[in-house]
Peer 1: 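I have a structure I would like to understand better, so I am pasting it below and will then ask my questions one at a time.
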Amino acid sequence: MKHFGNVVNLFQHLTRSVIEEGMTALDATVGKGNDTLFLSNLVGKAGKVYAFDIQKEAIELSKVKLQAEALFSDNVTFILDSHANLSFYVREATVDVAVFNLGYLPSINKRVTTSAESTLIAIKQAMKALKSGGVLFVLCYRGHEAGAEEYDVLKPFFEAVSQVYYDVFYSEFVNQKNNPPVMWVIEKK
Ligand code: SAH
C-alpha cells in the first residue's frame with residue numbers, strides 16, 4: 001500500500017492515529033461507503049458512526065457493502081438528508097472524528113455533487129459538533145467545476161478560523177498535475 005500519494009491515504013493514516021474504539025465518528029458524504037466502512041471498523045462495537053447522504057442509492061449501496069464487509073454491523077446510523085442539516089441529528093461537542101469526502105459518486109452519478117453553499121453550512125456545524133481534541137477532515141476535489149467553487153469558498157473560510165478555538169492544517173500534492181485533490185484537517189482545541 002502507498003503511504004501517501006493521494007488525500008484519501010493521508011486521511012486514513014491520520015485517522016488511524018487519532019481514533020480509538022468506542023469513539024463517535026461522522027461521515028458527511030457516504031458515497032460508496034468506503035469511509036463509512038473504514039470508520040465503522042475503527043470505532044468498533046462500542047462506537048458510533050453518523051453517515052449522511054442525500055442519495056438513497058448511495059445509502060442503499062453502502063448498507064450492502066457494510067453487511068458484507070463490516071466487522072461490526074450495527075454501529076452506523078445512516079441519515080438520508082443533507083449534511084447542511086447535521087445539527088438536527090448530531091449534538092454539539094459529541095464527535096471525535098468527522099470527514100467530508102466531497103464531490104460526486106465516481107462511476108455512478110456525476111450530477112449529484114456537493115456544492116459550496118451547503119458544504120460551508122455543514123462544515124460550520126461539523127466544527128461545532130467536534131469534541132475538544134476532535135478532528136475534522138475535508139477532502140476537496142478541485143478538478144471539476146463544483147469542486148473548484150468549493151475550494152474557492154473553503155480556502156478563505158479556513159484561513160480565517162480563529163486559532164483560539166481550532167488548529168487548521170492544509171495539505172496539497174505540489175507535483176501532481178491537473179488540480180489534484182487537497183485536504184484540510186481541523187482540530188478543535
Ligand atoms: N469524491 C469522493 C466521493 C464523493 S461522494 C471519491 O472520489 O471517493 C459524495 C457524496 O456526497 C455523493 O454520494 C452525494 O450524493 C453526496 N452529497 C452531495 N450533496 C450532499 C449533501 N448536501 N449532503 C449529504 N450528502 C451529499
Side-chain angles (χ1 to χ4, degrees), residues 1-43 47-53 83-84 86-87 90 92-103 113-116 118-144 146-176 179-189:
M1 182 196 128
K2 268 191 177 181
H3 290 296
F4 304 116
N6 66 54
V7 286
V8 175
N9 286 345
L10 206 50
F11 152 69
Q12 293 196 349
H13 261 283
L14 293 172
T15 296
R16 281 198 194 92
S17 70
V18 299
I19 210 162
E20 290 169 15
E21 274 187 42
M23 282 186 164
T24 298
L26 163 66
D27 182 354
T29 51
V30 168
K32 288 183 186 167
N34 293 320
D35 301 329
T36 314
L37 174 66
F38 175 72
L39 294 168
S40 164
N41 285 345
L42 288 175
V43 299
K48 183 174 180 60
V49 183
Y50 295 100
F52 287 83
D53 207 293
H83 43 224
L86 81 83
S87 64
V90 185
E92 283 188 21
T94 57
V95 172
D96 296 284
V97 174
V99 61
F100 285 68
N101 197 349
L102 299 171
T113 180
T114 56
S115 68
S118 52
T119 295
L120 182 61
I121 292 169
I123 283 174
K124 288 179 182 171
Q125 294 177 18
M127 286 168 69
K128 286 189 184 158
L130 290 179
K131 288 180 188 167
S132 175
V135 183
L136 165 65
F137 298 88
V138 178
L139 284 62
C140 176
Y141 298 76
R142 295 176 296 172
H144 67 115
E149 278 171 27
E150 285 175 314
Y151 176 80
D152 288 343
V153 167
L154 293 176
K155 182 174 186 287
F157 168 72
F158 284 131
E159 287 173 1
V161 168
S162 168
Q163 64 175 348
V164 174
Y165 303 111
Y166 298 91
D167 286 314
V168 184
F169 166 85
Y170 172 74
S171 60
E172 173 181 351
F173 290 91
V174 295
N175 69 339
Q176 293 180 355
N179 294 319
V182 302
M183 182 173 74
W184 288 275
V185 184
I186 300 94
E187 179 170 6
K188 193 169 189 174
K189 291 190 174 177

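No experiment lies behind these values; they were computed from the predicted model shown.
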Peer 1: Is a side-chain N or O of D53 found less than 3.5 angstrom from the main chain of G31, in a donor-acceptor match?
Peer 2: yes

Peer 1: Could you give the distance from CG (L139) to CG (L10), rounded to the nearest 0.5 Å?
Peer 2: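 So the gap between those two atoms works out to 8.5 Å.
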
Peer 1: Can any side-chain N or O of D96 pair as donor or acceptor with the backbone N or O of T24 at less than 3.5 Å?
Peer 2: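 Checked: pair present.
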
Peer 1: For atom NZ of K128, is the number of surrounding heavy atoms from other residues, nucleotides or ligands below 6.0 Å larger than 12?
Peer 2: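 At most 12 heavy atoms, drawn from other residues, nucleotides or ligands, come within 6.0 Å of this atom.
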
Peer 1: Would W184 and E159 count as a side chain to side chain contact (heavy atoms under 4.5 Å, CB included) if you check the C-alpha gap in whole Å, the side-chain angles of each, and the deciding distance to 0.1 Å?
Peer 2: CA-CA 10 Å; W184 288 275; E159 287 173 1; 6.0 Å; no

Peer 1: Would the number of heavy atoms belonging to other residues, nucleotides or ligands and lying under 6.0 Å from OH of Y170 be above 12?
Peer 2: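 Atom OH in Y170 is crowded, with more than 12 foreign heavy atoms closer than 6.0 Å.
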
Peer 1: Taking the side chain as every heavy atom from C-beta outward, state whether T119 and V153 have any pair of such atoms under 4.5 Å apart.
Peer 2: no

Peer 1: A side-chain contact here means heavy atoms from C-beta on lying under 4.5 Å apart; do H83 and T114 qualify?
Peer 2: yes

Peer 1: Please round to the nearest 0.5 Å and tell me the distance separating atom CE of M183 and atom CZ of F173.
Peer 2: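 Here the rounded value is 8.0 Å.
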
Peer 1: By the definition side chain to side chain contact (heavy atoms under 4.5 Å, CB included), identify the one residue from V97, L37, V99 that meets it with D27.
Peer 2: V99

Peer 1: Does V7 reach the side chain of V182, with side-chain heavy atoms less than 4.5 Å apart?
Peer 2: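 The answer is no; the side chains never approach within 4.5 Å.
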
Peer 1: Can you establish whether the number of heavy atoms outside K188 located under 6.0 Å from its atom NZ is more than 12?
Peer 2: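 Enclosed.
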
Peer 1: Report yes if the side chains of L154 and L102 come closer than 4.5 Å at any heavy-atom pair, otherwise no.
Peer 2: yes

Peer 1: State, to 0.1 Å, how close T113 and A146 come at their nearest heavy-atom pair, and which atoms those are.
Peer 2: CG2-CB, 3.8 Å

Peer 1: So, for L86 and A122, which heavy atoms are closest and what is the spacing to 0.1 Å?
Peer 2: CD2-O, 3.8 Å

Peer 1: How close do A84 and I121 get, heavy atom to heavy atom, and via which atoms?
Peer 2: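 Closest pair (atom of A84, atom of I121, distance): O-CG2, 3.9 Å.
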
Peer 1: For V95, is there any backbone N or O sitting under 3.5 Å from a side-chain donor or acceptor partner on Y50?
Peer 2: no

Peer 1: If you take all heavy atoms of T36 and A51, which pair is closest and at what distance?
Peer 2: CG2-CB, 3.9 Å

Peer 1: Nearest 0.5 angstrom please: Q125 CD to E92 CD, how far?
Peer 2: 9.5 Å

Peer 1: Measure from the side-chain N and O atoms of K189 to the backbone N and O of D167, and report whether any donor-acceptor pair falls under 3.5 Å.
Peer 2: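 No; zero donor-acceptor contacts below 3.5 Å.
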
Peer 1: Do the ring planes of F137 and F11 sit parallel (below 30°), tilted (30 to 60°) or perpendicular (above 60°)?
Peer 2: perpendicular

Peer 1: How long is the span from the NE2 atom in H13 to the CZ atom in F4, to the nearest 0.5 Å?
Peer 2: 5.5 Å

Peer 1: Quick one: OG on S118 to CD on E150, what's the gap to the nearest 0.5 Å?
Peer 2: 7.5 Å

Peer 1: Determine the minimum heavy-atom distance between L26 and A126, stating which atoms define it.
Peer 2: CD2-CB, 4.3 Å

Peer 1: Quick one: closest heavy-atom pair of K131 and A93, and the distance?
Peer 2: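 Minimum heavy-atom contact is CG-O, 3.4 Å.
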
Peer 1: I would like to know whether Y141 and N101 meet side chain to side chain donor-acceptor pair (under 3.5 Å); could you show each step before the answer?
Peer 2: CA-CA 9 Å; Y141 298 76; N101 197 349; 2.6 Å; yes

Peer 1: Hey, does I123 have a side-chain heavy atom less than 4.5 Å from the side chain of F157?
Peer 2: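 Side-chain contact under 4.5 Å: yes.
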
Peer 1: Is there a side-chain contact between V161 and M127 in this structure, where contact means two heavy atoms from C-beta onward sitting under 4.5 Å apart?
Peer 2: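 Of all side-chain heavy-atom pairs linking M127 with V161, at least one is under 4.5 Å.
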
Peer 1: Give the intermediate values and the outcome of side chain to side chain contact (heavy atoms under 4.5 Å, CB included) for residues V138 and F158.
Peer 2: CA-CA 11 Å; V138 178; F158 284 131; 4.0 Å; yes

Peer 1: Does the side chain of E172 reach to within under 4.5 Å of the side chain of P181, using non-hydrogen atoms?
Peer 2: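 The answer is no; the side chains never approach within 4.5 Å.
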
Peer 1: What is the distance from atom OG of S40 to atom NZ of K48, rounded to the nearest 0.5 Å?
Peer 2: 11.5 Å

Peer 1: With a 3.5 Å distance limit and no angle check, can you tell me whether Q176 reaches the backbone of G5 through a side-chain donor-acceptor pair?
Peer 2: yes

Peer 1: Is there a side-chain contact between Q12 and V8 (heavy atoms, below 4.5 Å)?
Peer 2: yes

